[in-house]
Amino acid sequence: MKFFCSLALAGFIGTSCSKTVTGPPATLPETVMVKAGLSGYEGQGQALPGETEIKDMQACIFDGGEMVQVFEGLTPSGNTFDLQVNRRSGTLYLIANTAGLIDLKALQEEDVTEDEWLKKSIGLKDNAPVHFFSGSISLDDTPGPELPVSLRRGIARFDLQIRTAGNAAIDKMTLKNAAGSAYILPVKGNSSPDDAARGDVSVTFDTPVTSDAKAVMYAYEQENIGLEIAIEGTIDGKPVTLSKAIDGNLDRNKIYTVTVRKDNIDISLEITLDEWETGGDTELVPASRYSWK
């Protein structure tokens with residue numbers, strides 16, 4: 001199941017800021033519907049309550065490399081966000097859950113170019129990654145009364161599985177050398193900004209995790225520069241610290257499953273990959289506290 005919202009390009013709720021662009025005006029049919037859907041996780045993982053929540057949405061149009069129109073303060077009307085677009089050229093960009101962090105109007109006043117916009121990044125909020133979405137669609141020669149847009153999460157999710165013969169309790173999980181910022185929109189061939197600050201992000205569980213738990217940690221999409229997962233807890237009453245290097249980059253909109261195992265030989269930490277998809281009931285997320293250093 002996927003969640004969809006619609007953006008009708010005919011009358012809007014919110015504020016629109018436009019620039020004059022030289023050249024003949026682009027024509028637009030009387031009504032064009034942009035159907036913006038939150039991308040499913042496309043695998044066996046499931047979205048948790050709140051992971052499809054849209055708290056705010058902004059949009060902008062670049063035409064000829066210039067930001068020519070901005071839509072701010074968009075609020076839903078039923079299941080739709082209504083935008084009035086007076087052109088049929090350029091690219092429409094949509095970003096969600098970025099209020100107070102990304103100011104499109106200020107970027108427009110600064111005459112940001114489209115190339116600069118495509119390299120804009122978002123940082124941490126309250127020492128944790130922001131659960132933001134982004135997407136885009138070309139308005140050039142797009143036929144039909146409806147235009148589909150897929151909004152994808154800019155973060156990766158970590159789930160925890162416990163597969164031990166005895167008793168296990170996990171107190172803390174750390175992602176070492178994690179990037180503290182991410183590109184708003186995917187940049188081909190570069191998973192994280194070159195100037196992204198690196199540090200260790202940790203979650204400490206208010207109650208030790210003793211069984212499978214989802215969404216124990218989130219992280220931005222990023223290049224792998226020494227990424228490592230560490231687990232602290234007890235197994236059969238003995239304190240343990242397990243760590244394992246991550247292979248490859250962290251991709252946005254995907255789930256990484258960290259599995260703690262114990263058999264007759266040793267204790268191991270496994271990291272596997274699923275892609276998210278929306279779903280039904282899931283285990284509760286353990287209460288936790290983020291820290292960054």
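Just so it is clear, the structure is predicted and the values come from calculations on it, not from any experiment.
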Problem set entry | Verdict with supporting geometry, Phe62 and Val112, side chain to side chain contact (heavy atoms under 4.5 Å, CB included) | CA-CA 10 Å; Phe62 276 88; Val112 66; 4.1 Å; yes
For this session: Give, for atom CD of Glu228 and atom NZ of Lys244, the distance between the pair rounded to the nearest 0.5 Å.
Result: 10.5 Å
For this session: State whether the side chain of Asp212 and the backbone N or O of Ile162 hold a donor-acceptor pair below 3.5 Å, judged by distance alone.
Result: yes
Exercise. For Thr113, does its backbone N or O pair with a side-chain atom of Glu116 as donor and acceptor, under 3.5 Å?
Worked result: yes
Problem set entry | Between CG on residue Leu227 and CD1 on residue Ile229, distance to nearest 0.5 Å | 8.5 Å
Exercise. Counting distance only, does the side-chain N/O of Asp159 pair as donor-acceptor with the main-chain N or O of Thr257 below 3.5 Å?
Worked result: no
Exercise. Which value, rounded to the nearest 0.5 Å, describes the distance between Leu92 atom CG and Gln69 atom CD?
Worked result: 9.0 Å
For this session: For Asp171, enumerate each residue passing the salt bridge (Lys or Arg N to Asp or Glu O under 4.0 Å) test, keeping only those at least two apart in sequence or located in another chain.
Result: none
Exercise. Any idea which heavy atoms bring Ala230 and Lys176 closest together, and the distance?
Worked result: CB-CE, 4.0 Å
Exercise. Same hydrophobic cluster for Val240 and Val203, using side-chain heavy-atom links shorter than 4.5 Å among ILVMFWY?
Worked result: yes
For this session: May I have the step-by-step check of salt bridge (Lys or Arg N to Asp or Glu O under 4.0 Å) for Glu221 and Arg153, ending in yes or no?
Result: CA-CA 9 Å; Glu221 173 182 62; Arg153 295 165 181 82; over 6 Å; no
For this session: Please report the C-alpha distance between Ile225 and Arg198 in whole Å, then the side-chain angles of each, then the deciding distance to 0.1 Å, and finally whether the side chain to side chain contact (heavy atoms under 4.5 Å, CB included) criterion is met.
Result: CA-CA 9 Å; Ile225 304 178; Arg198 295 270 171 172; 3.5 Å; yes
For this session: Keeping the roles fixed (side chain from Ser134, backbone from Ile184), state whether a donor-acceptor pair exists under 3.5 Å.
Result: yes
Problem set entry | Side chain proximity check, Ile122 to Tyr220, heavy atoms < 4.5 angstrom | yes
For this session: Provide the closest heavy-atom pair for Glu51 versus Phe133 in the form atom of the first, atom of the second, distance.
Result: O-CZ, 3.3 Å
Exercise. Taking C-beta and beyond as the side chain, do Leu94 and Leu151 meet within less than 4.5 Å on heavy atoms?
Worked result: yes
Problem set entry | Cluster overlap Val201 with Leu242, hydrophobic side-chain contacts below 4.5 Å | yes
Problem set entry | pair Lys55-Phe132: side-chain heavy atoms closer than 4.5 Å | no
Seminar exercise, completed: On a heavy-atom basis, the closest approach of Ile61 and Phe71 is CD1-CE1, 4.2 Å
For this session: Indicate the atoms forming the closest heavy-atom contact of Leu175 with Ala219, along with that distance.
Result: CD2-CB, 3.6 Å
Problem set entry | Least distance between heavy atoms, Asn224 atom then Ile246 atom | ND2-O, 2.6 Å
Exercise. Rounded to the nearest 0.5 Å, how far apart are CG of Leu250 and CZ of Phe158?
Worked result: 5.0 Å
Exercise. How long is the span from the CG atom in Leu185 to the NZ atom in Lys120, to the nearest 0.5 Å?
Worked result: 12.5 Å
Exercise. Quick one: are Ile155 and Val130 in side-chain contact, heavy atoms under 4.5 Å?
Worked result: no
Exercise. Do any N or O atoms from the side chain of Ser138 and from the backbone of Asp140 form a donor-acceptor pair under 3.5 angstrom?
Worked result: yes
Problem set entry | Non-hydrogen side-chain atoms of Val70 and Cys60 separated by less than 4.5 Å | yes
Exercise. Are the side chain of Asp200 and the backbone N or O of Asn177 linked by a donor-acceptor pair below 3.5 Å?
Worked result: yes
Exercise. Quick check: does any side chain N or O of Asp236 sit under 3.5 Å from a backbone N or O of Asn167, one acting as donor and the other as acceptor?
Worked result: yes
For this session: Classify the ring geometry between Trp117 and Tyr93 as parallel (under 30°), tilted (30 to 60°) or perpendicular (over 60°).
Result: perpendicular
For this session: Could you pull out the closest heavy-atom pair between Val260 and Thr164, with the gap in Å?
Result: O-CG2, 3.9 Å
Exercise. Where the side chain of Gln222 meets the backbone of Ala179, is there a donor-acceptor pair that is under 3.5 Å apart?
Worked result: yes
Problem set entry | Leu160 side, atom CG; Met173 side, atom CE - distance, nearest 0.5 Å | 6.5 Å
Exercise. Among all residues two or more places apart in sequence or in another chain, which pass the salt bridge (Lys or Arg N to Asp or Glu O under 4.0 Å) test with Glu223?
Worked result: none
Exercise. Tell me, do Glu114 and Thr91 make a side-chain contact under 4.5 Å, heavy atoms counted?
Worked result: yes
Exercise. Looking just at side-chain N and O atoms, do Ser181 and Ser121 make a donor-acceptor pair shorter than 3.5 Å?
Worked result: no
Problem set entry | Heavy-atom side-chain proximity of Leu104 to Ile95 below 4.5 angstrom | yes
For this session: For side chain to side chain contact (heavy atoms under 4.5 Å, CB included), just list the numbers for Leu107 and Met67, CA-CA rounded to whole Å, side-chain angles, deciding distance to a tenth of an Å, and then say yes or no.
Result: CA-CA 8 Å; Leu107 292 175; Met67 188 186 290; 4.1 Å; yes
Exercise. Can you check whether Lys254's main-chain N or O pairs, donor with acceptor, with Asp251's side chain at less than 3.5 Å?
Worked result: no
Exercise. Are the side chain of Asp56 and the backbone of Asn97 linked by a donor-acceptor contact shorter than 3.5 Å?
Worked result: yes
Exercise. With a 4.5 Å heavy-atom cut-off, do Tyr183 and Arg252 have their side chains touching?
Worked result: yes
